[in-house]
Undergrad: 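Structure incoming, see below.
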Amino acid sequence: MKTERQLNMTMKPRVRFAPSPTGPLHIGGVRTALYNFLFAKRNNGSFLLRIEDTDRSRYVEGAEEYIMESLEWCGIRVDEGIREGGGYGPYRQSERKELYGKYAGMLLESGWAYIAFDTAEELDELRRENEKKGEAFIYNAQTRHKLKNSLSLKDDEILKLQEENIPYVIRFKMPEGENIEMNDMIRGRVIVNSSTLDDKVLFKSDGMPTYHLANVVDDHLMEITHVIRGEEWLPSLPLHVMLYKAFGWNVPYFAHLPLLLKPEGKGKLSKRDGDKMGFPVFPLYWPYGDKARGYREDGYFPEAFVNMIALLGWNPGTDKELFTMDELISEFSIDRVGKSGARFDPEKARWFNHQYMQLQPVERIAQDYIILVKDKGFNVDTKKAEMLVEMVRERVSFVNELWDQTDFFFSPPQSYDQSAVKKRWKEGSPRLIRELRSVLEGIDDFTPDHTEPVVKNWIQEKEYGMGAVMNAFRLVVVGALRGPHLFDIIGFLGKGETLNRIDRGLEILG
RNA sequence: GCUCCGUUCGUCUAGUGGUUAGGACGCAAGGUUUUCAUCCUUGUAGCAGGGGUUCGAUUCCCCUACGGAGUACCA
């Protein structure tokens, strides 16, 4: 098996991410794109984005934009693509349509392909019949002579069908009894006997190529050196290898990435899992048709999202878990991609975001926080927003959660938490708080450095209970037993507001 | 059904022919604390099963089980 190291010395890799614009890009797709990107950048190569839209019936408006915006949000930079251009365009398969016919023709000429007139209905019927008998229908050397194609039909029959404009497809003529040997950078050597394979359709009757043809032709024409794609393609690898050989082209290196599995139960991750379990399956909000939530709108930092995704199936071989994109680029290696499917864990995703919440520059979080506060109907200037963010960021994982930690800074308690009152507002509390009020009244500078020692000294001198005073104090200021350090809170509120809240609390709680 | 791929704590994973099988998330307990969190410490839990090979297998081979993918004129 060739290793990456050997390759590095001989070439600058060109890799591609080739999604179909059939809907929002799935988180597994984002990971495939990311690994391609990391591999390319690690080895000073190029990352291309090719849109595979050969099936017009499945084309979804907005999907192309969504794909590009997702990559952009993640910080996955495209070197060549439909937006960026490049020397190997066009990068949208529908715009390369003529090309594929030519290459299919080449295969026809060299005898590696043939044309077939069987209709989809006829084949469906055959499959059904065979299934009833417990057998699988397979269009290959065993059966092709009994079907309607240029191998079984006489020349004049073929001519007649063509004159009548009967639609036909072009199929690959899969050889019989040949061991096809393949190399996968992740799985090593794989051998499959060609007799188990079928004569795949290369060119559809609508004049468009199938994935298999278009993919191989484009990867060759675009000089792709490494094909890094999802494991769902592994079963068609023999076909692709055969196609390269039929064309007489060099076979690129292949790496088939393990799939992303759903958090519990069986199967691969799907949109339904996200809906059911309350986490996004897509990077961005999908606003069309069957709307779907996204990581961006759910408040994830792109860095956290990318970090999490990167570690689902790859690891650096060390205990390090937090990576910037640059660190991922310099440490990424296909050799360290695992073989088995990874189950997606929403809890860990949350943890990653918590880590990044602590690492972000305060300015960036404050910006989002100001918007959040505005949404709640209040205003806060940048300086104060930054103070509040610094005060509570370590307690939360998402910007949205900042509000629940700071709501009481913006308005005095509308009510007092009943169980807290029961627990902390005792008979002596009003007297204590009244006395505390007069102590506070004597302080002008309300910064924690000033208020804290004064209040604590007073508590000690009077031999009051620290808990009794502070909890009751917190109750009148916050309305509940939660929040950051009280002296920080009143430092932010200021003297006037603090005394107001005390008065109000005394009045209502008695 | 057939073909291919895979299997280390619940999850993501490291790792080795002889290790106390390591880390992270989660969970639990304790500590810090004026509250709630955070944070810190400790703990919890794993080599799918059966055969080989070997002085010795979690590690190498085979089988089984389980999981996954593919089996379209979809990608």
Side-chain angles (χ1 to χ4, degrees), chain A residues 18-22 52-55 57-58 93 116 118-120 123-124 127 130-131 134-138 167-171 182 184 186-187 190-193 195-198 200-206 208-212 214-215 229-238 256 258-259 261 263-264 266-268 308 311-321 336 338-352 354 358 392-396 405 417 420 423-424 452 455-456 459 465-475 478 480-487:
Chain A
S20 284
T22 54
E52 309 222 327
D53 55 349
T54 50
D55 185 358
S57 66
R58 291 213 310 156
Q93 287 187 328
D118 321 86
T119 65
L123 294 174
D124 279 348
R127 288 195 187 94
N130 276 262
E131 202 172 330
E135 292 163 17
F137 169 73
I138 169 166
Y168 63 88
V169 299
I170 299 177
R171 284 182 181 273
M182 297 154 290
D184 184 273
I186 292 169
R187 275 149 240 281
V190 180
I191 299 171
V192 176
N193 193 285
S195 294
T196 65
L197 272 19
D198 62 345
K200 272 275 174 302
V201 170
L202 261 22
F203 206 80
K204 300 182 269 187
S205 57
D206 68 354
M208 287 296 261
T210 60
Y211 168 85
H212 302 103
N215 195 261
R229 65 209 325 187
E231 195 184 2
E232 69 267 26
W233 293 111
L234 195 51
S236 29
L237 180 56
H256 289 89
L259 263 21
L261 274 18
E264 31 186 67
K266 299 177 177 182
K268 63 174 179 178
M308 166 193 77
L311 258 18
L312 239 37
W314 171 84
N315 75 83
T318 65
D319 287 346
K320 183 171 171 174
E321 289 201 277
R336 296 206 62 88
K339 291 178 178 23
S340 47
R343 219 168 275 265
F344 177 76
D345 181 8
E347 284 296 334
K348 188 102 187 206
R350 187 184 170 76
W351 177 82
F352 272 111
H354 182 262
Q358 315 316 317
V392 301
R393 76 197 302 188
E394 68 184 17
R395 319 163 76 85
V396 304
Q405 297 293 330
D417 180 68
K423 202 168 147 202
R424 291 301 189 179
E452 184 163 357
V455 172
K456 282 191 172 169
I459 292 171
M466 184 71 89
V469 176
M470 294 305 290
N471 283 304
F473 187 15
R474 178 176 292 276
L475 192 55
V478 174
L481 300 179
R482 64 187 173 98
H485 290 285
L486 237 197
F487 292 106

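This one's a predicted model, so the numbers in the text were calculated from it and none came from an experiment. In what follows, every chain begins at residue 1, and chains take the letters A, B, ... in the order their sequences are listed.
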Undergrad: As a test of reading the structure: which of G70(B), C74(B), C73(B) is closest to the side chain of A120(A), going by heavy atoms?
TA: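 Within the option list, the nearest is C73(B).
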Undergrad: If you only use heavy atoms from C-beta on, which nucleotide in U11(B), A75(B), U35(B) is closest to the side chain of D55(A)?
TA: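 Comparing U11(B), A75(B), U35(B) against the side chain of D55(A), the answer is A75(B).
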Undergrad: Name the pairing partner of C4(B), where a pair is Watson-Crick or G-U wobble with both distances under 3.5 Å, or state none.
TA: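 Check on C4(B): paired to G68(B), both distances under 3.5 Å.
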Undergrad: Using a cut-off of strictly less than 4.0 Å, decide whether R171(A) has a side-chain nitrogen or oxygen near OP1 or OP2 of A72(B).
TA: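 Indeed not, no polar side-chain atom of R171(A) lies that close.
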Undergrad: With a 4.0 Å cut-off on N to O distance, would you call R343(A) and D345(A) a salt bridge?
TA: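 Salt bridge flag = no for D345(A) with R343(A).
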Undergrad: Go through the steps to decide whether R187(A) and L234(A) satisfy the test side-chain contact (heavy atoms from CB on, under 4.5 Å), and finish with yes or no.
TA: CA-CA 10 Å; R187(A) 275 149 240 281; L234(A) 195 51; 3.6 Å; yes
Undergrad: Angle between ring planes, W233(A) versus Y211(A), binned at 30° and 60°: parallel, tilted or perpendicular?
TA: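 Rings of W233(A) and Y211(A): parallel, as their planes differ by under 30°.
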Undergrad: Which nucleotide in the set C39(B), U34(B), A75(B) lies at the smallest distance from any side-chain heavy atom of H212(A)?
TA: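 In terms of side-chain proximity for H212(A), the closest of C39(B), U34(B), A75(B) is A75(B).
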Undergrad: Strictly by Watson-Crick or wobble contacts shorter than 3.5 Å, is anything paired with U20(B), and which nucleotide is it?
TA: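 No nucleotide pairs with U20(B).
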Undergrad: Among U34(B), A75(B), U38(B), which is the nearest nucleotide to the side chain of Y211(A)?
TA: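 Looking only at side-chain atoms, Y211(A) lies closest to A75(B).
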Undergrad: Are there any protein N/O atoms within less than 3.5 Å of an N/O atom in nucleotides 22-24 of chain B, and if so, which ones and at what distance?
TA:
{"unit_1": "A24(B)", "atom_1": "O4'", "unit_2": "E321(A)", "atom_2": "OE1", "d": "3.2"}
{"unit_1": "A24(B)", "atom_1": "O2'", "unit_2": "E321(A)", "atom_2": "OE1", "d": "2.5"}
{"unit_1": "A24(B)", "atom_1": "O2'", "unit_2": "E321(A)", "atom_2": "OE2", "d": "3.2"}
{"unit_1": "A24(B)", "atom_1": "O2'", "unit_2": "K348(A)", "atom_2": "NZ", "d": "2.7"}
{"unit_1": "A24(B)", "atom_1": "N3", "unit_2": "K348(A)", "atom_2": "NZ", "d": "3.4"}

Undergrad: With nearest nucleotide decided by heavy atoms, which residue, K200(A) or A480(A), maps closer to the 5′ end of RNA chain B?
TA: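 Upstream on the strand: A480(A).
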Undergrad: In whole Å, what separates the P atom of U8(B) from that of U13(B)?
TA: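 To the nearest whole Å, 9 Å.
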Undergrad: Identify the heavy atoms of D53(A) and M208(A) that sit nearest to each other, and give their distance.
TA: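 Between these two residues, the closest heavy atoms are O-CE, 4.0 Å.
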Undergrad: Any strand is fair game: report the nucleotide pairing with C73(B) by Watson-Crick or G-U wobble, both distances under 3.5 Å, or none.
TA: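 Paired with no nucleotide.
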Undergrad: By nearest atom, which of the nucleotides C12(B), A75(B), U34(B) is closest to the R343(A) side chain?
TA: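 The closest nucleotide is C12(B).
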Undergrad: Which nucleotide in the set A37(B), C39(B), G10(B) lies at the smallest distance from any side-chain heavy atom of D345(A)?
TA: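 When the side chain of D345(A) is considered, G10(B) is the closest of A37(B), C39(B), G10(B).
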Undergrad: Taking all heavy atoms of P238(A) and all of L197(A), pick out the closest pair and write down the distance.
TA: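 In terms of heavy atoms, the two residues are closest at CB-CD2, 3.6 Å.
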Undergrad: Out of C12(B), C73(B), U34(B), which has the shortest distance to the side chain of R474(A)?
TA: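 Per side-chain heavy atoms of R474(A), the pick is U34(B).
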Undergrad: Enumerate all atom pairs, one protein N or O and one N or O from nucleotides 3-8 of chain B, separated by less than 3.5 Å.
TA:
{"unit_1": "C5(B)", "atom_1": "O2'", "unit_2": "R187(A)", "atom_2": "NH1", "d": "2.6"}
{"unit_1": "C5(B)", "atom_1": "O2'", "unit_2": "E231(A)", "atom_2": "OE2", "d": "3.0"}

Undergrad: Among C73(B), A37(B), C25(B), find the nucleotide with the atom closest to the side chain of L123(A).
TA: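 Closest nucleotide among those given: C73(B).
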Undergrad: Ignoring hydrogens and angles, are the base of C74(B) and the side chain of R58(A) linked by a donor-acceptor pair under 3.5 Å?
TA: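 Side chain to base: pair found, below 3.5 Å.
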Undergrad: For E131(A), I'd like to know if atom CD has over 12 heavy atoms of other residues, nucleotides or ligands within 6.0 Å.
TA: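 No - once you tally the heavy atoms of other residues, nucleotides and ligands closer than 6.0 Å, there are 12 at most.
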Undergrad: Report the C-alpha separation of I186(A) and H256(A) in whole Å, then their side-chain angles, then the decisive distance to 0.1 Å, and conclude whether the side-chain contact (heavy atoms from CB on, under 4.5 Å) test is met.
TA: CA-CA 7 Å; I186(A) 292 169; H256(A) 289 89; 5.8 Å; no
Undergrad: Could you check which of A75(B), U34(B), C12(B) has an atom nearest any side-chain atom of T54(A)?
TA: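 Looking only at side-chain atoms, T54(A) lies closest to A75(B).
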Undergrad: Provide the Watson-Crick or G-U wobble partner of G10(B), both distances under 3.5 Å; none if there is no partner.
TA: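 Checking every strand shown, G10(B) finds its partner in C25(B), with both distances under 3.5 Å.
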Undergrad: Can a donor-acceptor pair under 3.5 Å be found between the side-chain atoms of H485(A) and the base atoms of U34(B)?
TA: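 Donor-acceptor pair under 3.5 Å: yes.
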Undergrad: From C-beta outward on R482(A), which listed nucleotide comes closest to its side chain: U34(B), C12(B), U35(B)?
TA: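 Looking only at heavy atoms from C-beta outward on R482(A), the closest nucleotide is U35(B).
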